[in-house]
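First the structure, in the form of structure tokens, and then the observations on it.
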Amino acid sequence: AQSVTQLGSHVSVSEGALVLLRCNYSSSVPPYLFWYVQYPNQGLQLLLKYTTGATLVKGINGFEAEFKKSETSFHLTKPSAHMSDAAEYFCAVSGEGNKLVFGAGTILRVKS
Amino acid sequence: DTEVTQTPKHLVMGMTNKKSLKCEQHMGHRAMYWYKQKAKKPPELMFVYSYEKLSINESVPSRFSPECPNSSLLNLHLHALQPEDSALYLCASSQDIWRGGELFFGEGSRLTVL
């Protein structure tokens, strides 16, 4: 079985500051991990994913995440926050049938 | 074309109504999904179709009835819903159901049951 825990339901950063959103996973098989972003009243957009290979994954809009097996983590970072980054972010793990199991989500607020 | 299109965007229905949600993709994907997202919660899987056949049903009540008429279309038929079924219903598609494939999501249909 797979599960995801996102630490912090709300994160607030200043514009230009580092963004760090935390995700820990549990998986009985080698994990395939995803970060999705959801803007208000919209669907989900893929930011990045890890399947195999390089553990540092670069995504869209300047985001990246590092897969750390020893820590069962897949934290999302961005060096400099922009106002347009304000949204809800979901970490997810892929299970059988390509079923995505999502974490509870983290709402990112960017202060000017 | 990398879009998943859902209609209607908003739907209000009574508990005795019958309505349908529609989803369409033209990316040649062979897997399609329905997710339900309650307010302030993550999406939860309802159904998975693979090559137009139902692959996964996450013990969804029978008042929700999915249908996949062809590889591009996915419907969700709604009947005798309850107010607690009010939610955002998200459709998604992927190349196939192999683990790790990217899911492309539509913008959702927001359902309100009175």
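All values below were derived from every heavy atom in this structure, side-chain atoms included, with hydrogens, water molecules and symmetry-related copies excluded. Letters go in sequence order (proteins before strands), and every chain restarts at 1.
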Approximate separation, where rounding is to 0.5 Å, of [X] [atom1] and [Y] [atom2]:
X: B:Tyr35; Y: A:Leu100; atom1: OH; atom2: CG; result: 4.0 Å
X: B:Gln95; Y: B:Phe104; atom1: CD; atom2: CZ; result: 8.5 Å
X: B:Lys22; Y: B:Leu73; atom1: NZ; atom2: CG; result: 8.0 Å
X: A:Gln2; Y: A:Phe102; atom1: CD; atom2: CZ; result: 13.5 Å

Legend entry - Leading residue by heavy atom contact count with chain A [cutoff under 4.5 Å; candidates B:Asp96, B:Val48, B:Leu103, B:Leu45]: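 Maximum pair count with chain A is reached by B:Leu103.
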Legend entry - Interface residue of largest heavy-atom contact number with chain A, from B:Ala92, B:Gly101, B:Ala31, B:Ser55, under 4.5 Å: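 Top option by heavy-atom pairs under 4.5 Å: B:Gly101.
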Measure from the side-chain N and O atoms of [X] to the backbone N and O of [Y], and report whether any donor-acceptor pair falls under 3.5 Å.
X: B:Glu52; Y: B:Cys68; result: no
X: B:Lys38; Y: B:Ser86; result: yes
X: B:Gln25; Y: B:Leu74; result: no

Inset, instruction - Report whether A:Phe74 and A:Val11 are members of the same hydrophobic cluster (ILVMFWY, side-chain heavy atoms less than 4.5 Å apart, transitive linking). - result: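 Yes, A:Phe74 and A:Val11 fall within the same hydrophobic cluster.
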Region of [X] in contact with chain B, defined by heavy-atom distances below 4.5 Å:
X: A:Gln38; answer: side chain
X: A:Ile107; answer: neither
X: A:Lys49; answer: side chain
X: A:Tyr39; answer: neither

Inset, instruction - Compare all side-chain heavy atoms of B:Leu78 with those of B:Leu11 and state whether any distance is below 4.5 angstrom. - result: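 The answer is yes, as the side chains (C-beta and beyond) meet within the 4.5 Å cut-off.
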Inset, instruction - Check whether any side-chain heavy atom of B:Met15 lies under 4.5 Å from a side-chain heavy atom of B:Val113, and answer yes or no. - result: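 In short, these two side chains touch, coming nearer than 4.5 Å.
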Legend entry - Proximal to chain B - members of residues 59-70 of chain A, heavy-atom separation under 4.5 Å: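 Heavy-atom contacts from residues 59-70 of chain A to chain B are absent.
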Inset, instruction - Enumerate by number any residue of residues 24-34 of chain A whose heavy atoms lie under 4.5 Å from heavy atoms of chain B; in the absence of such residues, state 'none'. - result: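 So the qualifying residues are A:Val29, A:Pro30, A:Pro31, A:Tyr32, A:Phe34.
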Inset, instruction - Please confirm whether A:Tyr36 and B:Phe105 have ring centers closer than 6.0 angstrom. - result: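 Between B:Phe105 and A:Tyr36, which both carry aromatic rings, the centre distance is below 6.0 Å.
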Legend entry - Donor + acceptor pair across side chains of B:Ser94, B:His29 (<3.5 Å):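 No pair is found: no donor N or O on one side chain lies under 3.5 Å from an acceptor on the other.
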Inset, instruction - Examine whether an atom of B:Glu58 lies under 4.5 Å from a heavy atom of chain A, and if so say whether it belongs to the side chain, the backbone or both; otherwise answer neither. - result: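 B:Glu58 touches chain A through side-chain heavy atoms alone.
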Inset, instruction - Pick one of side chain, backbone, both or neither for B:Glu44, based on which atoms fall under 4.5 Å of a heavy atom in chain A. - result: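 Neither part; nothing is under 4.5 Å.
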Inset, instruction - Check whether more than 12 heavy atoms from other residues, nucleotides or ligands sit under 6.0 Å from atom CZ of A:Arg22, and answer yes or no. - result: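 Result for CZ/A:Arg22: open.
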